[in-house]
Structures are given as C-alpha cells and as structure tokens.
Amino acid sequence: MTTDTPAAAPKSMDAIMALCKRRGFIFQASDIYGGINGFWDYGPLGAQMKKNLREAWWQDMILNPAWGRKGPNGERVKCVPVETRIIQHPKVWEASGHVGGFNDPMTMCKTDGCKKLMRSDHIWVARLVKEADWRSYAGRQAQWEASGGREWRRAFFGLLFQGKRLSEEERRDLNLIMSISASERPSYPADFKVSTIAGSREEAIAIFEAMELPAKVRKMIEKDQYMLERVYRFADPIEDDGKTPCPSCGTAGSMTEPKAFNLMFPTIIGATGDWESNKAYLRPETAQGVFLQFKNVVDSTRVRIPFGIGNTGTSFRNEVTPRNFTFRSREFEQAELEFFCHPSESFEWYKFWRDFRMQWWQSIGLAGENLILREHDKDELSHYSVGTSDVEYRFPFTAPGYGELEGIAHRGDYDLTQHQKHSGTKLDYFDTTRGETLPNGSKKGERYMPHCIEPAAGLDRGVLALLCEAYTVDASRPSPELLKLHPRIAPIKAAIFPLMDKDGMPEVAEKLYDELFAKFGKTGFIEMDAKQSIGKRYARMDEAGCPYCFTIDQETLTAQTVTVRDRDTGKQDRIALDKVAAFLGEKLG
RNA sequence: GCGGGCGUAACUCAGUGGUAGAGUGACAGCCUUCCAAGCUGUACGUCGAGGGUUCGAAUCCCUUCGCCCGCUCCA
C-alpha cells in the first residue's frame with residue numbers, strides 16, 4: 001500500500017456493500033447463522049461477474065496470451081494451463097517457505113494507550129550490562145563450573161536417565177533439584193535494555209547508535225561503564241527477564257510473550273486421521289502447483305522455453321484480521337501465471353508482463369487514475385526476488401492509499417531450485433536452441449534452471465475493484481445509483497423491454513430475446529422484463545450494471561426499429577430490429 | 001489479539017421498560033406510459049445470539065457472534 005496523490009471524491013463503502021447485497025452480487029457466508037468472519041459468498045450476479053473476470057483472464061493469458069503480442073524474443077507468447085489441487089504434500093510448503101515464513105510470532109504492548117501489535121522478529125533488543133558486574137559474573141561462573149557444579153548436575157542426569165523413562169513425579173523432582181542447583185550459581189548481573197523495530201541486525205545497531213537516550217540514562221551508562229553485552233531479536237529464545245521495553249512507548253516489561261500467528265490452514269487427511277501423522281495444509285497460493293508439475297508439463301506437452309503455465313483456483317490464508325469486505329478474505333481465488341524463461345532474458349520478460357498486466361486491468365474497466373503500477377523498493381523485495389511490481393487500486397477503504405490487486409514478481413529460479421532440493425527430483429531444463437553450433441548445423445544445447453516471472457492476480461479483489469470503480473452516484477439521474485461495469489465483465493449483457501405488455505409487443509420482444517440468448521447467452525445473462533413502468537425497469541438494470549437495454553414500442557411494430565438505451569449516458573438511439581444482435585456483438589467485444 | 005463504533009423487515013431507519021413501526025423495494029392486479037409515474041391489494045420480523053434483572057425487555061446488566069474504523073499482515 002502506498003500513499004501519494006490526493007483522493008478523488010470518496011465513494012461510500014457502505015453504499016457499495018448495500019448494493020452488492022440488494023442486487024445479489026455478494027452475500028456474507030453463512031449469513032443466516034450470523035455470518036462467519038472472513039468468508040463471503042457470491043450471489044447470482046456476483047458469481048457470473050467473477051466468472052466473466054476469470055474467463056477474461058483465461059482468454060488473455062492462456063488461449064491468446066498478451067492479446068497475441070510478440071514477446072521480447074520476437075515470437076508469439078505461448079502459455080498452457082494446469083489445474084492443481086488445494087491439498088498437496090505437506091513438504092511442499094516447507095520447500096516453498098510458507099510454513100516457516102507465514103509463522104510470524106506477534107507481540108503486543110500491554111500498556112494502556114499503546115497496545116501496539118508488532119512482529120516479534122522485527123523487534124531488536126540491545127542489552128547493556130555494567131562492565132564490572134559482567135566481569136565478576138563471568139569469573140564466578142567459571143569458578144562455579146571449576147568447583148564441580150556442572151559435573152554434579154550431569155551426575156543427576158546420568159542417574160535418572162539410566163535405562164528408564166522418567167515418570168511425572170520424577171520429572172517434578174528433577175526440576176526441583178535443578179532449580180536448587182541453579183540457585184547456587186552466580187546470578188546474572190543487572191542489565192539495562194533498549195529496543196527498536198528493524199529489519200536486520202545491522203539496521204538495528206545503526207538505530208541504537210543514533211538513538212537519543214535521555215540525559216539521565218546517558219549519565220548512568222557513563223558512570224557505571226555499561227557495555228553492550230548483546231543485540232538479539234525479541235522472538236529468539238533468550239533468557240529474557242521480562243523487562244524489555246516497548247519500542248513504541250518505552251514502557252519496560254509491558255511486552256507480551258511472542259505468539260505464533262500461523263497463516264497456513266491446517267487440515268487432516270483421512271477419515272480417521274490424527275493431527276500428528278496426517279496433517280496437511282490448504283494451499284496459500286496456486287503458484288506452487290505449477291512448479292510441482294513443471295517437469296510433467298515439459299515432458300508431456302510440446303512446450304519450449306520461454307513459455308508460461310497458468311493456474312487458477314481457491315487459496316486459503318488465516319489472516320490476522322480479515323477485513324474490508326472481500327478484500328482480505330480467508331478463502332480467495334487466484335489467477336496466476338508462471339512464465340519460464342532463460343535467466344539472460346528474464347528481466348525483459350519481467351518488464352513485458354508487468355506492462356501487459358497493467359494494460360489488461362485498464363482494458364476491463366479500471367482505466368482511471370485509481371489504478372497504478374508500483375515498482376517495489378529494493379528493501380521491500382522478498383529474499384529471492386530480483387524485481388516486483390504491484391498493480392494497485394485506490395479502494396474507498398484504502399484511499400488516499402492503494403491496495404494490491406496483482407503482484408508481478410521476478411522469482412528467479414528460487415522455487416524450482418527449492419523443490420529440486422526438497423523433492424530430490426531434477427527440475428532443470430535442457431534447451432536445444434542454445435549453446436554453440438555443431439558442424440551439422442544443430443545446437444549443442446544448454447542445461448539451466450529456468451527463471452520465472454509471476455503475474456499473480458487476486459480475482460476476488462479484482463471483482464471488488466471493478467465494483468468500486470463502476471459504482472457511481474449521479475443525483476441528476478432518475479436512477480442515481482448505477483454500476484458502470486465494462487460490457488465484458490457485466491453479468492447481465494442486455495435487457496429487452498416491451499414498452500407495454502400488450503399490442504403484440506411481448507411477442508416481438510420474445511423473438512428478440514430468443515435471438516440474443518442464442519448468440520450471447522453463454523457470455524452472461526440476457527433479461528426480459530415487461531412488468532412495471534419503463535423507468536423502474538431501466539433503474540433496476542442500472543443498479544445491476546447492465547450496459548444496454550432494448551425497448552420495443554409502437555414504432556417497432558410499424559418501422560421495425562427499437563430504442564437502445566446506453567446505461568452510462570441514459571441516451572437513446574433508434575436502431576433496426578435486425579441490427580440489434582450485431583450492435584450488441586460489437587459492444588461486448 | 002487490543003481499543004472505538006454499530007447490529008430492529010430485502011434496503012434506509014424510527015422506536016429508552018408496557019400490543020414491534022414508517023418509507024423504499026419485492027410480488028399480484030388495474031392503468032398503457034421512454035426514465036424509481038398512479039391506484040388497489042399481498043407477503044415480509046428468532047428486534048444478531050445466549051443468559052440474567054423485572055409482573056413485563058428491542059429498550060437495563062453480563063456473555064457471545066458478526067460488521068465498520070485504527071494498530072498489524074497480504075494476493
């Protein structure tokens with residue numbers, strides 16, 4: 001999320017959510033049971049709209065990638081699809097780094113008025129100890145060990161562990177003995193701590209060095225000759241005395257124990273499975289399925305690098321705080337392409353996809369200045385990524401900032417290398433178009449690990465952005481609320497209205513409906529409505545985002561023409577009845 | 001997880017301890033009319049849920065669930 005340009009007139013998220021429910025775009029999951037936090041269902045219009053978005057992605061990324069453009073290599077871009085499972089071998093997620101990486105321990109400050117929530121591994125602590133005390137402690141510690149304290153303790157272990165398991169009772173006794181033994185050791189010298197939030201040890205030390213300490217503390221440090229004993233992460237196992245100050249408010253000892261927030265959704269395989277031996281995970285991204293089948297696709301399909309493999313489907317993340325309507329759902333759908341190429345061409349391909357993906361979102365209705373392409377700063381990049389850009393949309397709830405719609409990442413060879421290492425299966429590629437030319441004119445070939453460019457889009461976020469962008473309030477219209485959805489995305493493609501429900505108009509409408517349904521019924525809904533006033537029918541279609549309404553009136557019966565009403569302008573034109581299908585076909589693209 | 005706000009019909013909301021309401025929408029009929037028009041009628045409620053106080057709770061108290069905002073995380 002970034003912040004720069006000032007916000008346009010903000011749209012009301014409450015009004016958008018109300019319309020979504022009223023017209024059947026989005027409902028809360030398990031609504032009649034009071035809802036379930038972080039899950040949303042799609043109603044009839046929402047389901048069709050999301051399908052249209054997914055279809056558009058599939059057409060423009062798999063069947064006709066990048067609209068038939070030629071890539072940096074001068075050739076037509078080639079992509080194939082896969083469909084991989086939500087549940088994979090548990091080791092997949094260790095290899096991908098999700099099990100470790102998504103296990104961010106969090107710490108909160110208990111002080112009233114602060115209550116700041118932080119990632120424990122981002123909190124760095126500098127421990128300062130009185131130099132004199134420290135030397136004395138180190139000396140006495142050595143003395144204690146020399147006097148046989150350590151051996152005495154070891155002897156206990158030997159006795160108790162000899163050939164038998166410890167009962168609960170024995171374990172308690174041992175702990176008691178251990179604590180007595182520990183009390184005889186020299187105590188750790190009194191210390192003084194400062195803390196800060198930083199991404200690395202170097203950064204933390206730089207902050208500590210530049211830190212403006214209160215005069216009183218500075219004097220104390222000088223007088224007693226404190227020395228920096230060590231710098232450690234709050235999350236690391238340490239002998240912490242619970243007196244670490246909060247990096248935000250400075251209150252000592254107000255930090256809670258690091259608590260793991262596991263973003264992976266665990267599950268059990270098998271009807272009688274138990275957690276220990278049959279634990280599996282619901283995927284946090286569809287991308288890994290592509291890497292897992294990379295070798296099979298190469299071996300079974302006549303694909304040559306460079307080429308892409310696309311995958312769409314549901315993913316799961318146990319978000320800390322699912323919020324902002326469907327923006328951060330715990331269950332969400334992704335549309336991801338993994339594009340494999342030679343390392344030397346990877347940066348060109350990265351730029352190619354980054355620019356195309358931006359244009360693509362613009363082409364389906366996010367054409368305004370609410371959409372931006374943002375290149376990540378160096379310090380934002382993942383450890384494996386050479387470059388990453390986000391396509392970001394200024395949602396009403398992020399304004400004046402932006403929220404991520406799609407990330408285009410240069411992942412290098414990280415994923416294939418990881419899976420090769422963890423699975424023990426070779427995943428490198430033999431490229432027969434490279435290497436030195438042999439006497440017979442063919443190439444010697446080159447073996448390498450392909451690099452990967454990943455445009456990864458969130459379809460639910462896409463739908464939400466399209467709805468937010470389309471939502472318009474125009475008080476000067478008889479129907480002030482409307483959805484200016486792009487015809488390609490709109491769930492209702494056209495509506496046919498007999499002006500009056502008599503005089504042969506319904507019959508003409510019926511015929512037109514049959515024709516349009518046959519031609520466009522597979523792209524979305526075609527509606528026919530003869531009830532109530534014409535204004536009411538137009539207004540209903542405006543709210544549902546239907547781009548065109550065709551009305552049959554008296555003149556249709558005599559002159560064979562209908563009026564076509566444009567949703568966005570409200571303007572009407574007369575066109576020939578037999579030209580309606582051609583008109584609509586052109587508009588729907 | 002912590003803090004703040006909210007929860008009454010499909011939607012917007014009124015109702016502060018005494019029979020659950022209004023407008024809009026939906027549906028049916030009439031009217032026949034190019035922009036939420038008019039008339040008639042119909043249906044619609046676990047007052048978010050559970051417990052407590054009370055003769056009596058939408059209303060007061062406790063607990064809980066959900067939504068919105070902030071800290072934080074991400075596609």
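In the text below, chain A, chain B and the rest are named by the order of the sequence lines, each starting its count at 1. The figures here come from the full heavy-atom set of this structure, side chains too, leaving out hydrogens, waters and symmetry mates.
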Donor-acceptor pair (no angle test) under 3.5 Å: [X] side chain, [N] base:
{"X": "A:R328", "N": "B:C74", "value": "yes"}
{"X": "A:Q572", "N": "B:C34", "value": "yes"}
{"X": "A:R461", "N": "B:C74", "value": "yes"}
{"X": "A:Q532", "N": "B:A26", "value": "no"}
{"X": "A:R565", "N": "B:C35", "value": "yes"}
{"X": "A:R537", "N": "B:A36", "value": "no"}

Base, sugar-phosphate alone, or nothing: which one does [X] contact when heavy atoms must sit under 4.0 Å apart?
{"X": "A:S329", "value": "base"}
{"X": "A:Q28", "value": "sugar-phosphate"}
{"X": "A:L459", "value": "nothing"}

What is the distance from [atom1] of [X] to [atom2] of [N], rounded to the nearest Å?
{"X": "A:N324", "N": "B:C71", "atom1": "CG", "atom2": "C1'", "result": "14 Å"}
{"X": "A:I534", "N": "B:U33", "atom1": "CD1", "atom2": "P", "result": "13 Å"}
{"X": "A:N37", "N": "B:U64", "atom1": "CG", "atom2": "C1'", "result": "14 Å"}
{"X": "A:R22", "N": "B:A10", "atom1": "CZ", "atom2": "C1'", "result": "10 Å"}
{"X": "A:I26", "N": "B:C68", "atom1": "CD1", "atom2": "P", "result": "12 Å"}
{"X": "A:D14", "N": "B:C69", "atom1": "CG", "atom2": "C1'", "result": "11 Å"}
{"X": "A:D31", "N": "B:A49", "atom1": "CG", "atom2": "C1'", "result": "14 Å"}

Would you check if A:Y538 stacks with the base of B:A36, given a 5.5 Å centroid limit and a 30° plane limit, both strict?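 Ring-base stacking flag not set for A:Y538 and B:A36.
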For the side chain of A:K21, starting at C-beta, report the closest nucleotide among B:C67, B:C74, B:A10.
->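 Nearest listed nucleotide: B:A10.
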Q | Polar side chain donor-acceptor pair, A:Y538 to A:T551, under 3.5 angstrom | A |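 Present: a donor and an acceptor within the cut-off.
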Any donor-acceptor N or O pair under 3.5 Å, side chains A:T388, A:H410
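No.
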